[in-house]
2 protein chains.
Amino acid sequence: MQKERETRVTATGDWIDGLPEAGDELERSSTAERVADLLRSHIINGAMAPGARLSEERLGRKFRVSRNTLREAFRLLGHERLLVHEFNRGVFVAKPGAEDVVDLFRMRRALELPAVRSGARASAEALGAVGAAVEQGEAARARGDWEGIGTANMAYHRAVAGLLGSPRADETMRQLLAELRLAFHVMAAPRDFYAPYLDRNRAIYDLLAAGAFEPAAQELEEYFDVAERQLVQAFTADSRG
Amino acid sequence: MQKERETRVTATGDWIDGLPEAGDELERSSTAERVADLLRSHIINGAMAPGARLSEERLGRKFRVSRNTLREAFRLLGHERLLVHEFNRGVFVAKPGAEDVVDLFRMRRALELPAVRSGARASAEALGAVGAAVEQGEAARARGDWEGIGTANMAYHRAVAGLLGSPRADETMRQLLAELRLAFHVMAAPRDFYAPYLDRNRAIYDLLAAGAFEPAAQELEEYFDVAERQLVQAFTADSRG
DNA sequence: ATTGGAGTATTGTTCAACAATCCTGTGATG
DNA sequence: CATCACAGGATTGTTGAACAATACTCCAAT
């Protein structure tokens with residue numbers, strides 16, 4: 001009897017202990033966070049032009065939330081540099097300049113290159129995410145979905161940074177890429193900006209999968225140089241106003 | 001007459017244009033930001049124990065601010081990972097674990113090592129900040145100010161990351177170091193933890209000042225290895241409860 | 001063309017209220 | 001004895017209104 005009871009208890013314990021610790025799946029979110037998510041998607045999709053003003057009263061009425069809740073959301077996005085908060089003047093959609101693009105690429109180099117070079121220590125899962133993003137991008141290209149190509153490119157570089165296995169790097173990378181995507185909306189309609197880079201993404205992934213981490217890093221570095229130059233050029237050419 | 005008028009006008013214009021664009025000096029801060037600054041310093045100085053709960057009502061009464069303002073401050077510090085916000089339960093001072101220390105060092109390596117290696121491109125001002133931090137630390141040691149040594153060490157590594165000349169790296173570094181400092185308060189009183197590293201800081205700076213960037217990076221890497229191991233060890237040894 | 005000033009609109013902050021959720025202690029039940 | 005149910009109290013989540021402080025606009029005056 002004692003034995004049966006004990007086995008039952010330990011069995012239950014093992015069962016529960018074996019569960020994956022209740023991740024963020026059932027994490028209830030506050031209204032402010034949901035509003036922030038909504039605003040963020042609008043911003044990076046270009047629905048809100050860079051520099052546009054976000055009126056507390058009008059947005060609050062639109063989303064059916066109070067000003068206080070809206071202000072909490074503003075704080076969140078301000079910390080991600082998607083909104084800029086000017087005291088007593090209001091919040092505006094950030095308007096990145098060429099110097100921001102340069103800085104963003106500096107950060108990307110600092111995070112993504114070490115991530116690739118540490119590829120040997122990366123989990124198979126993290127590596128698989130890179131491959132999945134490559135195919136996601138190619139599928140988007142096949143159906144001419146330019147928006148999808150951009151999304152896939154973001155996923156790709158997030159996955160690359162994810163090779164580090166660092167929660168903080170993941171979070172930082174997420175922000176950087178969102179900001180970078182906002183930067184695109186500043187320059188003149190670059191619908192198929194990312195398309196030429198899909199093959200390069202594939203090449204880097206193949207090197208990664210083959211264990212050639214240093215060559216992959218070199219390829220990635222070259223990509224950074226080319227993409228940054230093209231972006232900065234688009235910015236300075238477009239610098240009227 | 002026309003000429004005189006024109007010169008006067010252009011002179012005024014040049015004078016104003018020459019001014020340094022009004023930096024953050026006269027940037028008025030909101031109450032929420034001031035509260036956040038106050039809380040941050042309390043957290044970093046260990047006045048609030050990791051894991052402690054921050055009651056909205058009591059803190060609001062203490063600081064004489066409304067709950068809404070306090071909540072805005074909580075959001076700011078939550079984004080910096082100094083506070084953790086559990087929905088419907090409240091906010092708590094973050095309680096970093098060994099895995100956080102490992103992650104923090106991953107990020108530090110990613111940011112500080114490239115910064116040192118790019119030292120050739122760094123401004124003289126940024127380099128001077130590193131030297132100033134070294135001397136600040138040595139002065140603190142001379143008068144037995146252990147708290148001051150810790151502060152100087154933070155300033156030192158912020159200055160090192162500052163060699164990149166990247167605003168985003170500066171901001172990220174500021175957060176990482178604040179979080180790291182919080183981690184110290186978790187382990188058993190390490191008053192003179194930083195003291196042994198002062199000479200190493202000096203050595204790295206001397207290499208930097210001499211233009212030996214790669215050797216400086218190697219020294220820094222070694223410092224990371226030693227410091228991380230010591231910290232993680234202190235954590236795992238102290239992992240009861 | 002620039003300066004001053006009144007009036008309006010918007011943000012900053014507080015306060016009070018209520019709903020939703022969590023925590024605690026108590027008793028019932030097997 | 002362990003577990004569960006449940007009521008009561010405490011805390012957070014969110015709203016709405018109010019007022020102060022600041023910025024913006026427009027017009028008059030020089």
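Computed from a predicted model, the values in this text were never measured in an experiment. Lettering of chains follows the sequences in order, A, B, ..., and the numbering in each one begins at 1.
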Counting side-chain heavy atoms from C-beta on, which of dG12(C), dG13(D), dT11(D) comes nearest to Glu57(B)?
dT11(D)
Asn88(B) CG - dG9(D) C1' separation (whole Å)
16 Å
Rounded to the nearest 0.5 Å, what separates atom CG in Leu176(B) from atom CZ in Arg106(B)?
12.0 Å
Sorted by number, residues from residues 63-71 of chain A placing a heavy atom under 4.0 Å from DNA chain D are Arg64(A), Val65(A), Ser66(A), Arg67(A), Asn68(A), Thr69(A)
Which part of the nucleic acid, if any, lies within reach of Arg53(A) when heavy atoms closer than 4.0 Å are counted: base, sugar-phosphate only, or nothing?
sugar-phosphate
To the nearest Å, how far apart are Glu56(B) CD and dT11(D) P?
11 Å
Which residues pass the salt bridge (Lys or Arg N to Asp or Glu O under 4.0 Å) test with Arg61(A), sequence neighbours left out?
Glu57(A)
Could you give the CZ-to-P distance, from Phe74(B) to dT12(D), as a whole number of Å?
8 Å
Test side-chain contact (heavy atoms from CB on, under 4.5 Å) applied to Ile44(A) and Phe184(A), step by step
CA-CA 9 Å; Ile44(A) 64 184; Phe184(A) 284 122; over 6 Å; no
Using OP1 and OP2 only, check whether a side-chain N or O of Thr31(A) sits under 4.0 Å from dT14(D).
yes
Can a salt bridge be assigned to the pair Arg75(A) and Glu72(A) using a cut-off of 4.0 Å between side-chain N and carboxylate O?
no
How many whole angstroms separate atom CD of Glu86(A) from atom P of dT10(C)?
16 Å
So does Glu86(A) have more than 12 non-hydrogen atoms from other groups sitting under 6.0 Å from CD?
yes
Partners meeting side-chain hydrogen bond (donor to acceptor under 3.5 Å, both in side chains) with Glu228(A) (sequence neighbours left out)
Arg109(A)
Could you walk me through whether Glu80(A) and Glu179(A) pass the side-chain contact (heavy atoms from CB on, under 4.5 Å) test, one step at a time?
CA-CA 8 Å; Glu80(A) 299 182 16; Glu179(A) 213 184 332; over 6 Å; no
Would you mind telling me which residue lines up with the more 5' stretch of DNA chain D, Arg58(B) or Glu72(A), judged by nearest nucleotide?
Arg58(B)
Would you mind reading off the distance between Leu83(B) atom CG and dT12(D) atom C1', rounded to a whole angstrom?
15 Å
In whole angstroms, how far is the C1' atom of dC22(C) from the NE2 atom of His85(B)?
13 Å
Between P of dT14(C) and CG of Leu59(B), the distance in whole Å
14 Å
